[in-house]
Amino acid sequence: MGFRGVRETPHAPAPRPQPPRKTAAGTGLLLALLATVVWSGSFVATRGMADTVPPVQAVFWRWVIALLAVAPLALRPAWRQRALIRRHLGYVVLASFFGVALYNTLVHQAGLTTSAANMGMIMAAAPVLMAVFARLGGERLGAVRTFGLALAVLGVLLLVGDGSPLPDFAAGDLWMFGAALSFASYSALLKRKPAELGGLVFLFATFVCGALMLAPAYAVSVAVQGGFAVTPGTAGPLLYVGVFSSAVAFFAWNRAISLIGAARAGAVYYLQPVCSALLALLLLGERTGPAQLLCMALILGGVALGSRR
């Protein structure tokens, strides 16, 4: 029996089920690890191109290749969200500057005067800066995570300094510290990415902006230094850094930060020296001694603590 004056209202739609927090955290950690491993390989590729491809030209073609790799998937959604891109263009340009143009130029410049292993080890300083930025943004790190980050830093310093906490850095090492600061700034910016801007669209937009920023410097480099010969020794590394280190790794890293935050993803990034050392062993035949193994244990222990909630 119904009641007068009482209007039936339709039931509210059931909320979309969200993935369990543990599942999202695990996925985020795996994606951060994927990006870290791929980027470790890029240091070997960058070092391999140092004597044949000028840094600015290598970076420019890296992002042209990355654009071609993601264009088939990103063009349509980017066109649909063109109004959103224009609305957030300032943010996209800033992220492109730190994450695409500046960071990679500094990495390739560093490859002229330092080893691939050192590049990977020094980039492990980036998570410290990410954690600092996260703390300034209001994220609580906690005593355990802070101790883990400090432990990993100690391992990195000992590894770079061959057992001494006061390493002697070359010019290329200083370029890499600049690259670490630029990458940390980019990772901090990712936390402010507009939610309505799709991840693939954002990636594509930053690639376009970054390539446009690099185009004038590329033209100057070609005019002054000349071009480079396209050979298997140059095309192979460029394809690797363009497709895997740029398109695949950046997508994985951006997604990881959206799931677990910059500080926790940054803790996984401490595995960079370990990955670099393993790749050096496999590809270059470089041996790892007991002291290096101890440093890696410090880094891995720091990562485990720094990744905890």
Side-chain angles (χ1 to χ4, degrees), residues 13 15-19 24 27-28 30-32 34-35 38-39 42 45 56-105 107-108 182-222 230 235 237-262 265:
R16 181 178 296 179
Q18 298 295 323
T27 302
L30 286 175
L31 289 171
L34 171 63
V38 173
W39 278 328
S42 75
V56 171
Q57 296 183 40
V59 177
F60 175 77
W61 282 109
R62 169 181 184 153
W63 294 110
V64 169
I65 293 170
L67 272 174
L68 294 175
V70 302
L73 297 174
L75 271 176
R76 279 191 175 182
W79 178 253
R80 288 196 298 266
Q81 294 192 10
R82 62 189 183 279
L84 281 173
I85 295 174
R86 285 196 300 268
R87 186 186 309 164
H88 301 292
L89 187 59
Y91 170 82
V92 172
V93 168
L94 192 62
S96 302
F97 173 73
F98 283 111
V100 175
L102 182 61
Y103 163 65
N104 290 278
T105 300
V107 168
H108 283 264
S182 180
F183 184 74
S185 301
Y186 170 75
S187 296
L189 281 170
L190 289 180
K191 289 293 290 181
R192 300 180 178 273
K193 185 182 81 68
E196 66 269 23
L197 195 59
L200 185 61
V201 171
F202 169 73
L203 202 68
F204 182 73
T206 57
F207 288 2
V208 171
C209 290
L212 291 175
M213 290 178 193
L214 290 163
Y218 170 79
V220 171
S221 176
V222 171
V230 179
L238 281 174
L239 285 172
Y240 179 87
V241 298
V243 175
F244 295 101
S245 298
S246 300
V248 175
F250 267 79
F251 182 82
W253 183 255
N254 293 1
R255 180 61 179 156
I257 287 183
S258 71
L259 290 173
I260 60 175

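Counting from 1, the numbers follow the sequence of the chain as shown.
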Nearest 0.5 angstrom please: Ile85 CD1 to Tyr91 OH, how far?
13.0 Å
CZ on Phe250 to OH on Tyr186, rounded to 0.5 Å:
5.5 Å
Listed pairs under 3.5 Å, donor-acceptor, residues 60-74 side chains, sequence neighbours left out:
{"residue": "Trp61", "atom": "NE1", "partner": "Tyr218", "partner atom": "OH", "Å": "3.1"}
{"residue": "Arg62", "atom": "NE", "partner": "Asn104", "partner atom": "OD1", "Å": "3.4"}
{"residue": "Arg62", "atom": "NE", "partner": "Val241", "partner atom": "O", "Å": "3.4"}
{"residue": "Arg62", "atom": "NE", "partner": "Ser246", "partner atom": "OG", "Å": "2.7"}
{"residue": "Arg62", "atom": "NH1", "partner": "Asn104", "partner atom": "OD1", "Å": "2.9"}
{"residue": "Arg62", "atom": "NH2", "partner": "Asn104", "partner atom": "OD1", "Å": "3.2"}
{"residue": "Trp63", "atom": "NE1", "partner": "Val100", "partner atom": "O", "Å": "3.4"}

Spacing of Gln57 atom CD and His108 atom NE2 [to the nearest 0.5 Å]
12.0 Å
Compare every heavy atom of Ala35 with every heavy atom of Ala249, then report the nearest pair and how far apart it is.
O-CB, 3.5 Å
The test is side chain to side chain contact (heavy atoms under 4.5 Å, CB included); show your working for Trp253 and Ser187 and say whether it passes.
CA-CA 9 Å; Trp253 183 255; Ser187 296; 3.1 Å; yes
Please check: side-chain N/O of Ser182 versus main-chain N/O of Phe98, any donor-acceptor pairing under 3.5 Å?
yes
Are side-chain heavy atoms of Ser185 and Leu189 found at a separation under 4.5 Å?
no
Kindly indicate, with the supporting measurements, whether the criterion side chain to side chain contact (heavy atoms under 4.5 Å, CB included) is fulfilled by Leu239 and Phe244.
CA-CA 8 Å; Leu239 285 172; Phe244 295 101; over 6 Å; no
Is Arg255 close to Thr27 at the side-chain level, that is, under 4.5 Å between some pair of heavy atoms?
no
Where do Tyr240 and Ala45 come nearest, in terms of heavy atoms and distance?
CD2-CB, 4.2 Å
Compare every heavy atom of Ala265 with every heavy atom of Ile257, then report the nearest pair and how far apart it is.
CG1-CB, 4.0 Å
I would like to know whether Met213 and Leu102 meet side chain to side chain contact (heavy atoms under 4.5 Å, CB included); could you show each step before the answer?
CA-CA 10 Å; Met213 290 178 193; Leu102 182 61; over 6 Å; no
Distance under 6.0 Å and angle within 45° of the ring axis: does Arg76 meet both against Trp79?
no
Mind checking what makes ring pair (Phe, Tyr, Trp, His ring centres under 6.0 Å) contact with Phe97, not counting sequence neighbours?
none
Distance-only check: which donor-acceptor pairs under 3.5 Å involve side-chain atoms of residues 193-211, not counting sequence neighbours?
{"residue": "Lys193", "atom": "NZ", "partner": "Leu197", "partner atom": "O", "Å": "2.4"}
{"residue": "Glu196", "atom": "OE2", "partner": "His88", "partner atom": "NE2", "Å": "2.9"}
{"residue": "Thr206", "atom": "OG1", "partner": "Phe202", "partner atom": "O", "Å": "3.3"}
{"residue": "Thr206", "atom": "OG1", "partner": "Leu203", "partner atom": "O", "Å": "2.7"}

